[in-house]
Amino acid sequence: MKQEAVKNKKINVPPNFIRNIIIDDVKKGKHGGRVHTRFPPEPNGYLHIGHAKSICLNFGMAEEFNGLCNLRFDDTNPIKEEEEYIRSIQEDVRWLGFDWEDRLYFASDYFQQLYDWAVQLVGDGKAYVDDLSADEIREYRGTLTESGRESPYRNRSVEENMDLFQRMKAGEFKNGERVLRAKIDMSSGNLNMRDPVMYRILHAAHPRTGNEWCIYPMYDWAHGQSDSIEGITHSLCTLEFEDHRPLYNWFIEQLGVHAPQQIEFARLDLTHTILSKRKLLRLVREKLVDGWDDPRMPTISGLRRRGYTPESIRDFCERIGVAKSNSVVDISLLEHCLREDLNKRSPRVMAVLRPLKVIISNYPQAKVEDLEAENNPEDPTAGTRKIPFSREIFIEQDDFREDPPRKYFRLAPGREVRLKHAYIVKCEKVVKDGNTGEIRELHCTYDPGTRSGSAPDGRKVKGTLHWVSASHAIQAEIRLYDYLFIKADPNDVPDGMDFVFNINPNSLEIVQGMVEPGLADAGRGDRFQFLRNGYFCVDTKDSTRENLVFNRTVTLRDTWAKIEKKIS
RNA sequence: UGGGGUGUAGCCAAGUGGACAAAGGCACCGGGUUUUGGUCCCGGCAUUCGGAGGUUCGAAUCCUCCCACCCCAGCCA
């Protein structure tokens, strides 16, 4: 039995090329068989589902091979980085279920070491101070097809470079006046090797180091060396860094320090979603959404507020695999993982989104019955609860059709339907507004012999509706979320337009619904399945005891919607 | 003749010369169960691996050429 479980676990974890490399390295005893990874976010925005892929990979590989995974902030650009992001990123990684223990690091922790190493390279004649302006450096760099030219300052003496670099650090020069560059090869086909900038002058306060520094290392100079300092064995990053790898290796080799192996994988892309930090920032800044944690955002905080579980996100990250081809994952896979998890764990509850009053004419005026309802058919241990039933109830407007289409087996004039956990009722009369013709209420009769829903005569009733007792139900604000972008590819826009063009105008619809009375005690963040509707959670920001607010996490699969679409 | 990558079903993705007339998942399409048109269960869904040649008894896997797409010219990461 146990063996089977182990086997099943193995089967469920799809192999990927990174795991294969690590297995191989461990087998060969590389790095003493050690596995040490890191998740290295830049604190310039909130984490999103794409980062979750990287987090799961890095922490996952470490866990699988009894290794370690660090959390390291790549905070080398004080102009873009903020404390708020440092805070939120930690919260999100933790919420996803990962633990960096005492290994919280910052590239800025290594500024002094990085500087000392830079001095070493200057001393070795492998780095030089360049006085060219940014524009000139670009010109000298050449183009994709033409070789670059060497800077006139490239062959300064070690002494002069040393002096200038120290003065850069001392704050003698203004922003942009000079940079430190590695002396590599201006004719390389790889632009990253054409004397990359290592340090730029930035007279800006850093969230962590304050005004201690006015020169800041560039990514290429900081990242690999940080990896090395931390003893990272496998430095996993995304595809766009593939042609930085030669530079990554070059620095490590010049320094002769511990050499981590950089391995690149394809970043996640999702349909109906945008995962560019720049674009997400724009949605926030232009108030096209209600902040980073708007439930329509693909950010971890948005998904959390929407009602996603960390388990479902981790499952998703496992299922999409890890490879090197650029791909766009269908968001329905994410939703599938979500539903699968929520189905197992969510208590069922009845809530009517768009109420239609039903009067059960043959039910006694003042009578109230407490009916027993199971909390979760998927989980027998979830128990049961009592829900009140009375003469006047609300059902969903969608559950009644005056002129029902084919295959519709909900309520219609003269038809019978079962009320979940209650009785079979029959629609006797439709009451309409005299002026508008709008359906006001329904008059039904119930069959007292069908309590709990089954008929003693054995007659079959196809439809089962959810409902709430009108006088007992409580009102709640229900926020119905849909995709933020109408098109699978939000960037597919007419000439001159951008992704904002594809924002779904109906991504949020707010209704005042009626929910069963037991929900009065629901606390922020609690998740439920609203029977036949979907999964909902109590909003963590706006919900109060007096004014319950629910977010729709995801709908239930809706076979009827498909049938209806087909027959119409 | 710039460099670096990738191409397996609508979408992800295993597979790295022989038990492959190519796993698995999502989506989709049928059917069954069902007091959620939910869940669950069963079945279908690539004679073919970007294309063309070649090597081999045997190729998605090796070789050659070609095609398509992605990334790189920040003192961003």
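As the structure is a prediction and not an experimental result, all values here were calculated from the model. Excluded from the calculations below are hydrogen atoms, water molecules and symmetry mates; all remaining heavy atoms, backbone and side chain alike, are included. First the proteins, then the strands, lettered A, B, ... as listed; each starts at 1.
At least one donor-acceptor pair under 3.5 Å links the side chain of Ser188(A) to the backbone N or O of Asn190(A). The backbone N or O of Thr381(A) sits less than 3.5 Å from a side-chain atom of Asp379(A), completing a donor-acceptor pair. With Ser228(A) contributing its side chain and Ser226(A) its backbone, the two residues share no donor-acceptor pair below 3.5 Å.
Counting heavy atoms from C-beta outward, Ile86(A) and Glu82(A) have side chains that stay 4.5 Å or more apart.
Between the side chain of Arg339(A) and the base of G38(B), no donor-acceptor pair of N or O atoms lies under 3.5 Å. Residue Glu378(A) places a side-chain atom within donor-acceptor reach of the base of G38(B), judged by atom type and a 3.5 Å distance cut-off alone. Interface remark: the Asp558(A) side chain does not form any donor-acceptor pair with the G37(B) base, using a distance-only criterion of under 3.5 Å. One cannot find a donor-acceptor pair under 3.5 Å joining the base of U39(B) and the side-chain atoms of Glu340(A).
The nucleotide whose nearest atom lies closest to any side-chain atom of Leu333(A) is, among C75(B), G25(B), G38(B), G25(B). Side-chain proximity of Pro377(A) to C28(B), U36(B), C76(B): nearest is U36(B). Considering only the side chain of Leu531(A), U36(B) comes nearest among U36(B), G25(B), G7(B). The side chain of Ile563(A) lies closest to G37(B), out of C71(B), C76(B), G37(B). The Asp243(A) side chain lies nearest to C71(B) when the options are A27(B), G74(B), C71(B). In this structure, of C76(B), G74(B), G25(B), it is C76(B) that holds the atom nearest to the side chain of Glu42(A). When distances run from any side-chain atom of Ala323(A) to the nucleotides A14(B), A73(B), A27(B), the shortest one goes to A14(B). For Arg319(A), counting side-chain heavy atoms from C-beta on, the closest listed nucleotide (G38(B), C75(B), C26(B)) is C26(B). The side chain of Ser327(A) sits closest to A13(B) out of G3(B), C76(B), A13(B). You'll find that the side chain of Asn16(A) is closest to A14(B), out of A77(B), A14(B), G2(B).
Here the separation of U8(B) from G4(B), taken at their P atoms, is 22 Å to the nearest Å. Remark: the separation of the P atoms in G18(B) and G32(B) is 44 Å, to the nearest Å. Spacing between G24(B) and C62(B) at atom C1', rounded to whole Å, works out to 27 Å. Going from the P atom of A60(B) to that of G17(B) covers 13 Å, rounded to whole Å. For A9(B) and G5(B), the P atoms lie 23 Å apart once the distance is rounded to whole Å. Of the P atoms belonging to G50(B) and A27(B), the separation is 26 Å, rounded to the nearest Å. A77(B) and C11(B) have their C1' atoms separated by 29 Å, with the value rounded to a whole Å. Taking the C1' atoms as reference points, A68(B) lies 10 Å from G51(B), given to the whole Å.
Note on His421(A): a base of the nucleic acid sits closer than 4.0 angstrom, heavy atoms only. Using a 4.0 Å heavy-atom cutoff across all strands shown, Ser332(A) reaches sugar-phosphate atoms only and no base atom. At the heavy-atom level, Ile79(A) lies nowhere under 4.0 Å from the strands shown. Within 4.0 Å (heavy atoms only), Val322(A) reaches sugar-phosphate atoms of the nucleic acid but no base atom. The residue Tyr199(A) sits apart from the nucleic acid: no heavy atom pair falls under 4.0 Å. Across all strands, Thr76(A) comes closer than 4.0 Å only to sugar-phosphate atoms, never to a base (heavy-atom distances). Arg178(A) comes within contact range of no nucleotide atom at all, as no heavy-atom separation falls under 4.0 Å.
Proximity of Arg348(A) to the phosphate of U39(B): no side-chain N or O atom is located under 4.0 Å from OP1 or OP2. Between Arg532(A) and G37(B), a side-chain N or O to OP1/OP2 separation shorter than 4.0 Å is present. Listed pair Ser325(A) / A13(B) meets the phosphate criterion, a side-chain N or O lying under 4.0 Å from OP1 or OP2. Within the 4.0 Å cut-off from OP1 or OP2 of U39(B), at least one side-chain nitrogen or oxygen of Arg557(A) is found. Remark: Asn77(A) is not in phosphate contact with C75(B), judged by side-chain N or O atoms under 4.0 Å from OP1 or OP2. Taking 4.0 angstrom as the limit, Arg200(A) places none of its side-chain polar atoms (N or O) nearer than this to OP1 or OP2 of G74(B). Here Thr559(A) reaches the OP1 or OP2 of G38(B): one of its side-chain N or O atoms lies under 4.0 Å away. Side-chain nitrogen and oxygen atoms of Lys565(A) include none within less than 4.0 Å of the OP1 or OP2 phosphate oxygen of C28(B). In this structure, His466(A) does not reach the U36(B) phosphate: none of its side-chain N or O atoms is under 4.0 Å from OP1 or OP2. Between C72(B) and Arg138(A), no contact under 4.0 Å exists linking OP1 or OP2 to a side-chain N or O. For Lys562(A), a side-chain nitrogen or oxygen approaches OP1 or OP2 of C28(B) to under 4.0 Å.
Rounded to whole angstrom, the span from the CG atom of Leu270(A) across to the P atom of A27(B) amounts to 14 Å. One can place NZ of Lys324(A) at 13 Å from P of A14(B), the figure rounded to the nearest angstrom. One interatomic measurement links the two molecules: CE of Met198(A) to P of C76(B), which rounds to 15 Å at whole-angstrom precision.
RNA chain B contains the following stems of three or more consecutive Watson-Crick or G-U pairs, with both distances under 3.5 Å: B:2-7 with B:67-72, B:10-12 with B:24-26, B:28-32 with B:40-44, B:50-54 with B:62-66.
Between Phe241(A) and Tyr219(A), the ring center distance clears the sub-6.0 Å criterion. Proximity of the aromatic rings of Tyr199(A) and Phe165(A) is defined here by a centroid distance below 6.0 angstrom, and this criterion is met. When ring centroids are compared, Phe530(A) and Phe550(A) come within the 6.0 Å threshold. Ring pair Tyr85(A)/Phe73(A): centre-to-centre distance not below 6.0 Å.
Under the 90° criterion around 0 for the glycosidic angle, G74(B) counts as syn.
Where stacking is scored as ring centres under 5.5 Å apart with planes under 30°, Tyr219(A) does not register as stacked on the base of A77(B).
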For Glu396(A) and His466(A), what are the C-alpha separation, side-chain angles and deciding distance, and is it a side-chain hydrogen bond (donor to acceptor under 3.5 Å, both in side chains)?
CA-CA 8 Å; Glu396(A) 210 70 64; His466(A) 60 278; 2.7 Å; yes
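In terms of position on RNA chain B, the residue among Thr271(A) and Asn326(A) whose nearest nucleotide sits closer to the 5' end is Thr271(A). If Lys462(A) and Ala134(A) are placed on RNA chain B by their nearest nucleotide, the residue sitting closer to the 5' end is Lys462(A).
The cationic atom of Lys169(A) (NZ for Lys, CZ for Arg) lies less than 6.0 Å from the six-membered ring centre of Trp213(A) and within 45° of the ring axis.
In this view, Thr559(A) satisfies the side chain to side chain donor-acceptor pair (under 3.5 Å) rule with no residue, not counting sequence neighbours.
With hydrogens and angles left out, the side-chain atoms of Tyr46(A) and Glu84(A) include a donor and acceptor closer than 3.5 Å.
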